[in-house]
Amino acid sequence: MSQLLEGLNPAQAEAVRHTEGPLLIMAGAGSGKTRVLTCRIAYLLEQGVAPSSILAITFTNKAALEMKERVNKMVGDMSRQLWLSTFHAFCARFLRLEIESLGMYNRNFVIYDAGDTLAMIKECLKELNLDDKQYIPRSMQGLISNAKNALQDAGEYARNADNFRAKQEAELYELYQKKLVQNNALDFDDLLLLAVRILETKPEVLQRYQMRFSHILIDEYQDTNRAQYLLAKHLAAHHRNLCVVGDADQSIYGWRGADIRNILDFERDYPETKVIKLEQNYRSTEVILEAANAVIANNSNRKPKDLWTDIAGGEPITCYEAVDERDEARFVAESIQKHRKDESLPYGDMAILYRTNSQSRALEEGLMKHAIPYVMVGNVKFYDRKEIKDIIAYLRVLYNPNSSQDLLRILNVPKRGIGDTTVSKLTDYATRSGMTLFEVISNPDLETGVSPRARKHLDELAGLLFDLMGRTPTVCTYDLVKAVMEESGYVAELQKDEKGEDRLENLQELLTVARDFAIGDMEDNLENFLTRVALVSDVDDAELGDGRVTLMTLHAAKGLEFPVAFLTGLEEGIFPHARTLMNEAEVEEERRICYVGITRAQKKLYVSHAMSRNIYGRSTQFPPSRFLQEMPESGLDHQSGRARFAAAKAALPPRPVVPLHRGGSLGLTPHTQARDSEATHEVWRPGEKAKHGKWGVGTVVSVSGSGEDQTLKVAFEGQGIKTLAVKFAPISKA
DNA sequence: TCCCCACACGTTTTT
DNA sequence: CGTGTGGGGA
């Protein structure tokens with residue numbers, strides 16, 4: 001009898017032992033899912049399955065890494081031969097080996113991220129003379145992404161286009177795709193789409209992989225889209241040992257093409273499926289679980305499931321009615337301090353969750369006022385920073401000179417006298433001749449019409465690139481990245497600029513990433529580095545906990561747990577979000593997001609709503625969220641900020657409430673007020689010190705406007721001059 | 001090439 | 001209110 005099964009509950013043990021045939025594990029929040037998956041992999045290995053025959057897919061790199069580590073602890077180095085990665089990383093690996101069978105790409109393709117492809121879409125719109133007001137680039141990006149996730153190529157999109165607009169969109173899609181191919185580049189969706197296409201059109205490839213992977217595991221199955229669904233289906237078709245794990249109640253990425261039916265209909269796809277439900281929750285108290293169960297029970301399109309726990313009772317859920325978002329933030333901050341003082345709870349054990357990023361501002365200010373250390377996850381992305389993208393662009397050109405998109409980006413970065421005129425001459429020539437941009441710039445004899453001066457600069461650039469390319473196969477990634485930064489003149493340019501400090505630091509950080517990469521289990525070469533950089537987000541290596549309170553959106557919180565969690569902004573129009581209120585299916589997804597939020601809390605949950613909230617500079621009233629009403633009253637402890645507000649208000653002279661003419665565009669017509677609750681404005685003079693909630697103390701440089709509309713220009717040390725409206729900005733005299 | 005202003009817009013985003 | 005963008009001017 002395997003030791004692996006010790007300590008597992010009967011359902012978990014069964015899920016581990018059931019190794020043959022399709023298996024659906026319906027794993028509720030906190031039911032020990034990761035443990036089951038890792039034990040299952042270890043068990044398979046123990047049963048003699050070769051590690052290279054096991055394919056395990058997760059949705060995040062973080063989950064993949066965690067699972068790798070845990071399996072490694074159980075079985076040792078054998079784990080290194082497992083195919084354990086995200087869908088996208090698996091596809092990238094697969095495509096490096098198999099993409100040339102399509103005859104359209106070579107194996108050294110590069111992967112473009114959302115920013116890269118958005119830029120490309122804008123170019124396409126220009127070339128097609130399409131108005132970017134009517135064909136909004138972001139929407140077009142979403143449209144193409146959705147089409148790809150549904151496995152629709154440009155041709156099929158065109159065939160389905162039955163109106164003018166759809167035909168224009170089809171043309172855009174076609175041009176966009178053409179450009180990707182020319183650049184020998186794939187977008188995220190292509191990784192999945194092309195992998196599926198190869199499996200569907202190359203029987204010999206399909207057979208090889210079908211035979212190879214005898215056991216396939218897929219985590220977070222509720223979030224798979226059509227392409228991912230097909231990928232799993234094709235790969236598993238021979239052995240049929242497909243084990244999927246998921247929780248339909250935690251499906252919150254419907255808007256990204258995730259199809260909840262993939263999990264709901266699994267038994268129909270595989271009639272011999274064994275279904276195992278993991279319903280015992282090891283994370284939260286009974287009070288918290290009852291609230292979660294009660295809320296999710298309001299969704300009609302779901303299979304009934306009830307999480308239970310043997311952690312009876314627990315702290316009641318505190319429901320706070322805040323006056324406004326600042327009051328809410330103050331309440332959260334004070335509660336955090338209380339936990340810290342009374343129970344010596346570390347800051348890292350507490351998290352503040354919200355529906356939309358814009359809510360974070362007030363919360364941050366509240367934390368700062370109380371000197372509470374915090375981390376915000378997923379706001380500014382490391383790999384989205386200009387300087388990082390620039391260096392990556394260099395690296396991608398070295399790896400794949402066909403990537404004109406990248407070459408274009410670095411042509412004059414750092415500035416080297418290659419202006420717009422030169423660039424358009426070069427691209428025109430490339431288009432006319434059918435040559436790649438790289439071929440054009442690296443061939444001085446072509447009649448491109450660029451000035452001799454520019455030509456000289458181009459020769460230097462081409463020389464640099466050839467030189468670096470020559471070294472690429474022999475140097476380690478760290479040295480290559482460093483060489484790019486320095487020899488391109490990039491670092492020198494930043495050093496000249498006194499505002500270049502932060503950027504230089506970020507480049508240093510990129511070097512650290514390159515150095516750490518060499519230590520990892522992938523071979524240290526440019527190909528692997530670029531693939532990794534393209535597919536890894538910085539949420540993955542964000543140090544959570546670590547003595548700081550965590551602030552994040554509910555989406556980012558999925559899969560995490562905290563002893564104490566604050567669920568903020570529970571208002572109709574915020575959460576559920578106003579944009580979903582017209583559509584019952586979308587409200588159900590909001591409810592699942594709420595379910596995810598509630599189940600993050602282990603010991604104590606706070607929920608809060610604000611009676612009034614400043615949105616887009618206007619005070620707006622939203623009623624409490626329906627989700628609050630759906631929580632059982634018996635588990636709630638109500639508190640309110642009204643009393644405090646009334647006391648503050650009594651000190652001020654009364655004034656009438658003046659409704660605005662302009663109605664709400666937010667779906668439920670919130671009532672807006674013209675006046676802020678604090679109408680007494682201080683008189684500011686240049687030279688005075690001002691204290692700001694976010695930027696600290698600064699000096700007033702200039703004052704303009706009068707009364708309510710007075711604005712200040714304030715210089716904050718190290719942060720530049722900010723323009724602030726006295727009426728709204730969180731400032732006071734210091 | 002940069003800077004300033006007017007104007008529009010404003011969910012979530014594992015890869 | 002904030003941010004991003006595009007036009008116009010220096």
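Below, read A as the first sequence line, B as the second, and so on, with proteins coming before strands; counting in each chain starts at 1.
R600(A) and Q250(A) make their closest contact through NH2-OE1, 3.4 Å (heavy atoms, listed as atom of the first residue, atom of the second, distance).
If you check distances only, the side chain of R256(A) never reaches the base of dT12(B) with a donor-acceptor pair under 3.5 Å. Taking 3.5 Å as the limit, the base of dT11(B) and the side chain of R355(A) contain no donor-acceptor pair of atoms between them.
Here dT15(B) is the nucleotide among dG6(C), dT15(B), dT1(B) with the atom lying nearest to any side-chain atom of N61(A). For R361(A), counting side-chain heavy atoms from C-beta on, the closest listed nucleotide (dG2(C), dT14(B), dT11(B)) is dG2(C).
With respect to R361(A) and E325(A), no salt bridge is recorded, no charged nitrogen being found less than 4.0 Å from a carboxylate O. Taking the charged nitrogens against the carboxylate oxygens, D390(A) and R409(A) do have a contact shorter than 4.0 Å, which makes a salt bridge. In this structure, D132(A) does not pair ionically with R138(A), as no charged nitrogen and carboxylate oxygen lie closer than 4.0 Å.
If you measure from atom OH of Y253(A) to atom P of dT13(B), you get 7 Å, rounded to the nearest angstrom. Atom CD in Q228(A) sits about 14 Å away from atom P in dT14(B), given to the nearest Å. One atom, CG of L581(A), and another, C1' of dT11(B), lie 12 Å apart when rounded to the nearest Å. Straight-line distance from the CD1 atom of I593(A) to the P atom of dT11(B): 14 Å, rounded to whole Å. Straight-line distance from the CE atom of M552(A) to the P atom of dT14(B): 13 Å, rounded to whole Å. For the pair I252(A) CD1 and dT15(B) P, the interatomic distance rounds to 13 Å; values are reported in whole Å. For the pair R618(A) CZ and dG10(B) P, the interatomic distance rounds to 17 Å; values are reported in whole Å. Remark: P of dT14(B) and CG of L535(A) are 12 Å apart, rounded to the nearest angstrom.
Inter-residue side-chain proximity for M67(A) and D219(A) is flagged as met; some heavy-atom pair is nearer than 4.5 Å.
Closest-nucleotide positions on DNA chain B for A534(A) and T356(A) were compared, and the one nearer the 5' end corresponds to T356(A). The residue among E220(A) and G419(A) whose nearest nucleotide of DNA chain B is located toward the 5' end is G419(A).
Aromatic rings of H609(A) and F575(A) (six-membered ring for Trp) have centroids beyond the 6.0 Å cut-off, not under it.
Using a 4.0 Å heavy-atom distance criterion, T58(A) is classed as making no nucleic acid contact. Using a 4.0 Å heavy-atom criterion, one finds that D189(A) contacts no nucleic acid atom at all. Among the atoms of the strands shown, base atoms are found under 4.0 Å from some heavy atom of E590(A).
For dT13(B), the OP1/OP2 oxygens have no side-chain nitrogen or oxygen of K558(A) closer than 4.0 Å. A close approach under 4.0 Å does not occur between any side-chain nitrogen or oxygen of N357(A) and OP1 or OP2 of dG2(C). A close approach under 4.0 Å does occur between a side-chain nitrogen or oxygen of T553(A) and OP1 or OP2 of dT13(B). Considering only side-chain N and O atoms, K122(A) lies under 4.0 angstrom from the phosphate OP1 or OP2 of dT5(C).
In this structure, H555(A) forms no aromatic stack with the base of dT12(B), since the conditions of centre separation below 5.5 Å and plane angle below 30° are not both met. Per the stacking criterion (ring centres < 5.5 Å, plane angle < 30°), F59(A) does not stack onto the base of dT15(B).
dT12(B) shows a glycosidic angle more than 90° from 0 and is accordingly assigned anti.
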